[in-house]
Amino acid sequence: MVIPGVHIKIENLAHRYRARSALVLDRVEAEVAPGEALAILGRSGCGKSTLLHILAGLMRPSAGAVYLDGKAVEGPSPRWVMMFQQPSLFPWMQVAQNVGIGLRFAHLPKAEVASRVAEALRLVDLESHAEANVQDLSGGQQQRVALARSLVMKPELLLLDEPFSGLDTFPRAALQRDGRSIAKRLGLTLVIVTHDIDEAALMADRALIMAGPPGTIVEAVAIDIKGPRERKDPEVRTARERLMQSFEPPAAEPWPAAVDNTPAADATDAA
């Protein structure tokens, strides 16, 4: 299942929630290449989740536009899916039923639903849990179900709104690694909103650094690491340090050296 990713172009985007309210986003411009993994990185309140919701077509910007493969985004589309912080699974359903719920609403043949659900569960390493009740799963496993539910729709773009932030260290690291690996294997374009510098270093090919409010993109940082990534890898540590520098305030100018204006002692006085 190889899916061509989409090209994203953001042009002069601005947004405010009400007509006279303060700007949340201001003059945001960016491009994302097909198949690229992009992190939108910034402190809480800088507007990064608002930007992701606009990318998903869940809200209209006050000004500017978002284009996917040259077509303006005007609402949600089956070409892209969004994962949120909470998996929002149906607790009375089994894992496979949760994963296939969107396909059932699309009225696809049962055989195709079963095949696509099985493939999605294999991708997230949950094939042995297909008949388990989601309430019996760990938090990390529940997010894997949510990821499989997104992948089963065969999107071209996967939008992640900090879906791993509530997990413990080890399941979070495993999902960060596997989420990137799956997106690359399938050719998906991946956009990750996060305030976690480690997550950006582990998952992204490039990070856009946001500041605000109002939210603006202040820097783009390339994360050019080949092959699988682990937190302990020297290249990952280097990328993390580079991203940290983007959030450090500029060094203060040193105070001028004190000038001693005391008149020098006369040689005769010293005698």
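Everything numeric in this text was worked out from a predicted model, so none of it was measured. Hydrogens, waters and symmetry mates play no part in the numbers below; they use all other heavy atoms, side chains included.
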Could you walk me through whether Val221 and Glu219 pass the side chain to side chain contact (heavy atoms under 4.5 Å, CB included) test, one step at a time?
CA-CA 7 Å; Val221 178; Glu219 189 176 1; 3.9 Å; yes

Any donor-acceptor pair under 3.5 Å from Asp168 side chain to Phe170 backbone
no

With distance as the sole test, does Arg43 use its side chain to make a donor-acceptor pair with the main-chain N or O of Phe247 at under 3.5 Å?
yes

Heavy-atom side-chain proximity of His15 to Met59 below 4.5 angstrom
yes

Are Trp80 and Val73 close enough that some pair of their side-chain heavy atoms sits under 4.5 Å apart?
yes

Verdict with supporting geometry, Lys48 and His195, side chain to side chain contact (heavy atoms under 4.5 Å, CB included)
CA-CA 9 Å; Lys48 56 188 184 296; His195 61 266; 4.2 Å; yes

So does Val24 get a backbone contact from the side chain of Arg16, meaning a donor-acceptor N/O pair under 3.5 Å?
no

Side-chain donor/acceptor of Arg116 to backbone N/O of Val152, under 3.5 Å:
yes

Measure the CD1-CD distance between Ile192 and Gln176 for me, rounded to the nearest 0.5 Å.
9.0 Å

Does NZ in Lys184 sit with more than 12 non-hydrogen atoms of other residues, nucleotides or ligands closer than 6.0 Å?
yes

Is a donor on one side and an acceptor on the other found under 3.5 Å between the side chain of Ser115 and the backbone of Glu112?
no

Between the CG atom in Leu68 and the OG atom in Ser77, the distance rounded to the nearest 0.5 Å is 8.0 Å

Do side-chain atoms of Thr216 reach the backbone of Val218 as a donor and acceptor pair under 3.5 angstrom?
no

Determine whether a donor-acceptor pair (N or O, by modelled atom type, separation under 3.5 Å) exists between the side chain of Arg27 and the backbone of Ala14.
no

Can you tell me if CZ on Arg206 sees more than 12 non-hydrogen neighbours from other groups inside 6.0 Å?
yes

Going through the checks in order, is the side chain to side chain contact (heavy atoms under 4.5 Å, CB included) test met by Met203 and Ile223?
CA-CA 9 Å; Met203 295 192 70; Ile223 308 172; over 6 Å; no

Where the side chain of Glu241 meets the backbone of Thr238, is there a donor-acceptor pair that is under 3.5 Å apart?
no

Could you tell me whether Arg104 atom CZ has more than 12 heavy atoms of other residues or ligands within 6.0 Å of it?
no

Given the rule in the side chain to side chain donor-acceptor pair (under 3.5 Å) test, do Thr194 and Glu199 qualify, once you have shown the distances and angles that lead to the verdict?
CA-CA 7 Å; Thr194 184; Glu199 185 161 82; 3.0 Å; yes

Is it true that a side-chain atom of Thr189 and a backbone atom of Pro34 form a donor plus acceptor pair closer than 3.5 Å?
no

Just to verify, which of Val191, Leu38, Leu51, Val32 counts as forming a side-chain contact (heavy atoms from CB on, under 4.5 Å) with Leu208?
Leu38

Pairwise distance OG(Ser49) to CD(Gln85) - rounded to 0.5 angstrom
7.0 Å

Inter-residue atom distance Ile217.CD1 - Ile10.CD1, 0.5 Å rounding:
6.0 Å

Is the shortest distance from a Lys or Arg side-chain nitrogen in Arg229 or Asp198 to a carboxylate oxygen in the other one below 4.0 Å?
no

Side chain of Asp233, backbone of Glu235: donor and acceptor closer than 3.5 Å?
no

Are the side chains of Leu147 and Leu158 in contact, using a 4.5 Å heavy-atom criterion?
yes

